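Note sheet for the following structure.
Just so it is clear, the model here is predicted, and its values are computed rather than measured.
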Amino acid sequence: MPTHPTAIDPANPPTGSLHFVPETMRAVWADRYGDPSVLARRDDAPIPQLGEHDVLVHVHAAALNPLDWHYTTGTPYFMRLMAGVRRPKRTTPGADLAGTVVALGSGVSEWRTGDAIVGETPRGGGCGEYAALDARHAVAKPDDVGFDDAAATPVAGLTAIQALRTHAAVQPGERVLINGAAGGVGTFAVQIAREIGAIVTGVCSTRNADMVTGLGADVVDYTVDDITRRVGEFDALIDNVGNLGAASVDLLADDGRYVMVSGPKRNRWLDPLPAIVRTRMRFARSGRSFHQFTASPLRSDLDALMEYLQSGAVVPQIDRTIGLDDVGDALTEIGNGHVPAKIVVHPA
């Protein structure tokens, strides 16, 4: 049974610092699908109830991702079969979050109130003062990693590290092409690939070229250069855009690996599924490998990302920080594909 997190006994508090949890909170909220203008700040939102394995987190920072745009708009429409047919089950955006544990579900034993943690919650909630997070998907935030950097990392960082290490199996010295190198996943992928020891080429626009170069990639500016001419040059291709068509095969060496992270969003009913199917069919005839996946919130990978952040090998690229009142406008930009790197939200 879910439990209400306000039931902390002051006479017998859990181990760690005691934090008073109010009965309501400020949060970005929408109880119907629509463009991001349906989102509004609510000052009396209910505190999330906790499942057996959940912790309640006082959110210090959260981050926005394209998945928040999808859940807000309810597109592609087939996803509503899982997310809520008539109205969204997920009322508050924000899958990435970092903050302090303030209450524990009945089955949680490894965390204590006062612990600083970071994690991903597909249920959303990061754009609120408090959020429920499955404790099994959380890791400790290192003391010398800021809450903003930690919060910017889970979804994009996990996607990048799993694309490179798990699916493309990139090795030192290999040539890696990252299409969409200036986005959230792309900026992590460039740095992680460099840390692996790969030779990295990033595709981005003129306005983001300096940032991507600074992260360690050779830049192909798609506004002036044609990447499709570089036939057979790459051992792995991490595609965050899905706009390369047949060139996605041709750019790779004979034993190359293609990882499709995202695709076009032109059709509200099915995209990116048709593009995934078409691309898979191309690769089935090519002898090169095709991989398409949704990142898993693996603690081992999230711990590895925190180690990268702690050492300085990976620095999350944060476009800006915003408050709750600006979340709708930020998601509109993300849906239009106009945001480089990450946007971090401060709920307080």
Side-chain angles (χ1 to χ4, degrees), residues 63-71 75-76 79 95-96 120 122 152-170 174-194 196 198 200-205 208 212 215 217 220 222 227 234-245 247-249 251-252 256-267 270-280 282-283 288-298 301-302 304-305 314 316-317 334-342:
L64 299 175
N65 292 281
L67 68 84
D68 294 303
W69 181 87
H70 286 291
Y71 275 110
T75 57
M79 70 175 282
D96 287 336
E120 172 191 346
T153 298
V155 170
L158 286 168
T159 303
I161 200 169
Q162 290 170 18
L164 290 161
R165 299 200 315 188
T166 305
H167 297 281
V170 171
E174 289 194 313
R175 303 157 299 170
V176 176
L177 177 65
I178 298 172
N179 188 30
V185 175
T187 52
F188 278 99
V190 168
Q191 296 177 82
I192 294 169
R194 287 282 297 175
I196 291 171
V200 185
T201 300
V203 180
C204 66
S205 65
N208 297 318
V212 175
L215 297 178
V220 174
Y222 67 77
I227 186 63
F234 302 100
D235 301 297
L237 195 171
I238 311 301
D239 193 352
N240 300 308
V241 185
N243 63 344
L244 294 173
S248 58
V249 177
L251 289 163
L252 291 168
R257 289 88 67 198
Y258 172 85
V259 181
M260 189 174 193
V261 172
S262 186
K265 298 189 284 285
R266 294 184 294 269
N267 184 310
L270 294 173
D271 275 347
L273 289 182
I276 293 172
V277 172
R278 288 193 299 270
T279 307
R280 183 183 290 275
R282 290 189 187 104
F283 275 88
R288 301 163 179 85
S289 66
F290 171 91
H291 309 262
Q292 195 280 325
F293 75 107
T294 299
S296 300
L298 297 177
D301 286 340
L302 192 52
L305 289 165
V314 172
Q317 302 300 294
I334 289 173
N336 291 332
H338 294 158
V339 178
K342 300 289 294 183

Does the side chain of L237 come within less than 4.5 Å of L244's, by heavy atoms? yes
If the condition is side chain to side chain donor-acceptor pair (under 3.5 Å), which residues does R175 pass it with, not counting sequence neighbours? D235
Any side-chain to backbone donor/acceptor pair from T279 onto I276? Under 3.5 Å, distance only. no
Side chain to side chain donor-acceptor pair (under 3.5 Å) with S289: which residues, sequence neighbours excluded? H291
Distance from S262 atom OG to N243 atom CG, nearest 0.5 Å? 10.0 Å
So, taking the atom named CD1 in I192 and the one named CG in L305, what distance separates them when rounded to the nearest 0.5 Å? 5.0 Å
What verdict does the side-chain contact (heavy atoms from CB on, under 4.5 Å) test give for F188 and L158, after you've listed the backbone C-alpha separation in whole Å, the side-chain angles of each residue and the deciding distance to 0.1 Å? CA-CA 9 Å; F188 278 99; L158 286 168; over 6 Å; no
If every non-hydrogen atom of P154 is compared with every non-hydrogen atom of D96, which pair is closest and at what distance? CB-OD1, 3.2 Å
Rounded to the nearest 0.5 Å, what separates atom CZ in R257 from atom CG in L164? 10.5 Å
If we only count heavy atoms from C-beta on, is the W69 to T75 side-chain gap below 4.5 Å? yes
Any donor-acceptor pair under 3.5 Å from T166 side chain to A163 backbone: no
Just to verify, what does R280 make a salt bridge (Lys or Arg N to Asp or Glu O under 4.0 Å) with, not counting sequence neighbours? none
Shortest non-hydrogen contact from L251 to L177? CD1-CD2, 3.9 Å
Correct closest heavy-atom pair for P297 and E120 would be CB-OE1, 3.9 Å
Which residues pass the side chain to side chain donor-acceptor pair (under 3.5 Å) test with Q162, sequence neighbours left out? D301
Considering non-hydrogen atoms only, spot the tightest contact between A217 and V190 and give its length. CB-CG1, 3.8 Å
State the CZ-CG distance between R194 and L215, to the nearest 0.5 angstrom. 10.0 Å
Shortest non-hydrogen separation from D239 to Y258 and the atoms involved: OD2-OH, 2.7 Å
With sequence neighbours excluded, residues passing salt bridge (Lys or Arg N to Asp or Glu O under 4.0 Å) with R288: D254
Assign the ring pair F290 / F283 to parallel, tilted or perpendicular, where the plane angle (0 to 90°) is split at 30° and 60°. tilted
Which pair of heavy atoms, one from A198 and one from V170, lies closest together, and at what distance? CB-CG1, 3.8 Å
Non-neighbouring partners of N240 that pass side chain to side chain donor-acceptor pair (under 3.5 Å), sequence neighbours left out: none
Side chain D68, main chain N65, donor-acceptor under 3.5 Å: yes
